[in-house]
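Worksheet: one structure, shown below.
Please read all numbers here as calculations on a predicted model, not as lab measurements. Order of the sequence lines fixes the chain letters, A, B, ..., with proteins taken first and strands second; residue numbering starts at 1 for each chain.
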2 protein chains.
Amino acid sequence: MAAFRHLNEMPKTACHDDIRDSRAAVAGFVARLHHAPVSGRTLDALCKQGTLLTLGKGEDIPLLTGQGTVACICEGATKLIATASRQREQIVAFHFRGDLVSIPQSGEHAYSMKALKDSEVLLFAAEAFLKIARGDPGLLEATLVRTQTALFRCRDKAVGLGRKSASERMASFLMIMAERIGTNEGGGCLLDLPMSRRDIGDSLGLTIETVSRQIGEFRELGLAETDGRSRIFLPDLKTLSIYTGHV
Amino acid sequence: MAAFRHLNEMPKTACHDDIRDSRAAVAGFVARLHHAPVSGRTLDALCKQGTLLTLGKGEDIPLLTGQGTVACICEGATKLIATASRQREQIVAFHFRGDLVSIPQSGEHAYSMKALKDSEVLLFAAEAFLKIARGDPGLLEATLVRTQTALFRCRDKAVGLGRKSASERMASFLMIMAERIGTNEGGGCLLDLPMSRRDIGDSLGLTIETVSRQIGEFRELGLAETDGRSRIFLPDLKTLSIYTGHV
DNA sequence: TCCGATCCTTGATGCAGATCAATGATCGGG
DNA sequence: CCCGATCATTGATCTGCATCAAGGATCGGA
């Protein structure tokens, strides 16, 4: 179960380590968010309004009801899921350490968010976060830039979903993951994917069977080597990129 | 051909009406952007950095090279196109009067923008726009909010492209257009679509034939009446919304 | 280390929507 | 008002991926 830590409701007798940890998590996140010194006032406000969650793998991130939510991924990895209808989920985005996620109070679809592995997430009511940012132009601008990045990624995803074949989607996915969470390894790139085949399928608008087959194709082409469920080694990103179907 | 008006390079002998029009266009746009009084200084800066374009139907909106672009749709309607490869275009978004569009300098795909009908668009270098916004918290916040709206719409589009049937996509499209540019008309909603069937297909990840057939289906169900190429009357939005496949 | 549950892979078949093809409607320009 | 070009509709066929089905690998917990 998710461990809540309302930063402003910390009992006076609480272990000081806990308080320092929470504050450190907020400070660390904001430091990654914009590379400028953070004012103590902003930090205080963020600690006061935010809720730090420690989540186990697979756990739900409780989005606020009746208002928008801003989630900061301090540690780990998460998925943002839109439910079109029962048995039809679309993963809108994966998020990793340092990402800032905005979820509206209610859009066309119902959204939910889950941890892909043990994670630490800082939650804000969107309005409260915006209010703090309003008083700190640096934070406001950093938030705008992050939101733009999310928009650009989402547009690219839309192109893939609307106009690409299964193999092109798979190649694009692997390239994106290589860029975001890959580690260099003897000329190639090693991935330790935190998401399941089902997650990949739900992200690419494909079934698990198709995902599995496409990975198999790349394996036979010598462009991917799998090791267990989560590790994929990509020996030749340059050749793989040809399969993405980008211009 | 697009008529450029570099607001800061207006010859001294220029017709005063032109200058007033340009300034009025900027002021009008910003007024719609955030419902707070705009400082004269911000307005001056925007006029100095912006380029007002008057475009005919079908004309290209020249995106800046080597840097991001911010486009403000003062009048008319535009489409934002991602080119996956020759003969495979994905329309990422349609934009209407009052919309603010951010396009990155270079993402995974090549983007372009076209006017769907006679339009007036205000262009900025993204960096220059951000610099002005940095000096005007209200403008910065309004830009953030608009960017979030674009992101939320894009996510909804991704859900449609990834997990919905042709008829569901078509129903969603009609509902969105009804909300954005529809006019009430005797209990129903009248649409005068500025985009072609090809545009609709390229937006929904479908072919023109499928788009045409789906509209035909809704016509037979008594949920849509067409008049010429562009006018569609939706007599029963409530029933149509059932077909969107939303929860 | 063994066991059960879950996840992944691989094969056979079906279908929604693409593609191919042809006719009909619409509309701007002379 | 007419003409040609473009756009939209409708029908026939094809195909990529979904769906259905059946093993096989992986991994956490006892």
Taking all atoms of both residues into account, what is the closest heavy-atom pair of Arg219(B) and Thr226(B), and its distance? NH1-OG1, 2.6 Å
For atom CZ of Arg88(B) and atom C1' of dT19(C), their distance in whole Å: 15 Å
Rounded to the Å, how far apart are Glu217(A) CD and dC8(C) C1'? 16 Å
Side chain to side chain contact (heavy atoms under 4.5 Å, CB included) partners for Thr244(A), two or more places apart: Ala171(A), Ser172(A), Met175(A), His246(A)
Round to a whole Å and report the spacing from CD1 of Ile215(A) to C1' of dC17(D). 16 Å
State, with a plain yes or no, whether a side-chain heavy atom of Arg213(B) is found less than 4.5 Å away from one of Leu206(B). no
Please state whether the rings of Tyr111(A) and His109(A) are parallel, tilted or perpendicular, taking 30° and 60° as the class boundaries. perpendicular
To the nearest 10 degrees, how far apart in direction are the end axes of the helix from dT1(C)-dA30(D) to dG30(C)-dC1(D), each fit to five base pairs? 60°
Can you list, in residue-number order, the parts of residues 198-210 of chain B that come under 4.0 Å of DNA chain C, counting heavy atoms only? Gly205(B), Leu206(B), Thr207(B), Glu209(B), Thr210(B)
Between Ala115(B) and Ser119(B), what is the shortest heavy-atom contact and its length? CB-OG, 4.0 Å
Ring pair (Phe, Tyr, Trp, His ring centres under 6.0 Å) filter on Phe173(B), not counting sequence neighbours, yields none
If every non-hydrogen atom of Asp199(B) is compared with every non-hydrogen atom of Ile91(B), which pair is closest and at what distance? O-CD1, 3.4 Å
Rounded distance (Å) that lies between atom P of dC17(D) and atom NZ of Lys164(A): 13 Å
Shortest non-hydrogen pair, Pro104(A) vs Arg155(B), comes out as CD-NH1, 3.9 Å
Validation row: Gln90(A), Leu161(A) side chains within 4.5 angstrom (heavy atoms): yes
Please report the distance, rounded to the nearest Å, between CG in Leu116(A) and P in dC7(C). 13 Å
Over how many whole Å does the gap from Gln214(B) atom CD to dA18(C) atom C1' extend? 13 Å
Would you indicate whether the side-chain heavy atoms of Phe218(B) and Leu174(B) approach each other to under 4.5 Å? yes
Sequence neighbours excluded, which residues qualify as side chain to side chain donor-acceptor pair (under 3.5 Å) partners of Asp227(B)? Arg231(B)
Residue met sooner reading DNA chain C from 5', once Ala166(B) and Thr226(A) are mapped to nucleotides: Thr226(A)
For a quick check, with a 4.0 angstrom heavy-atom cut-off, what is the B/S/- contact string for nucleotides 24-30 of chain C, read 5' to 3'? -BBS---
Toward the 5' end of DNA chain D, by each residue's nearest nucleotide, Arg213(B) or Arg169(A): Arg213(B)
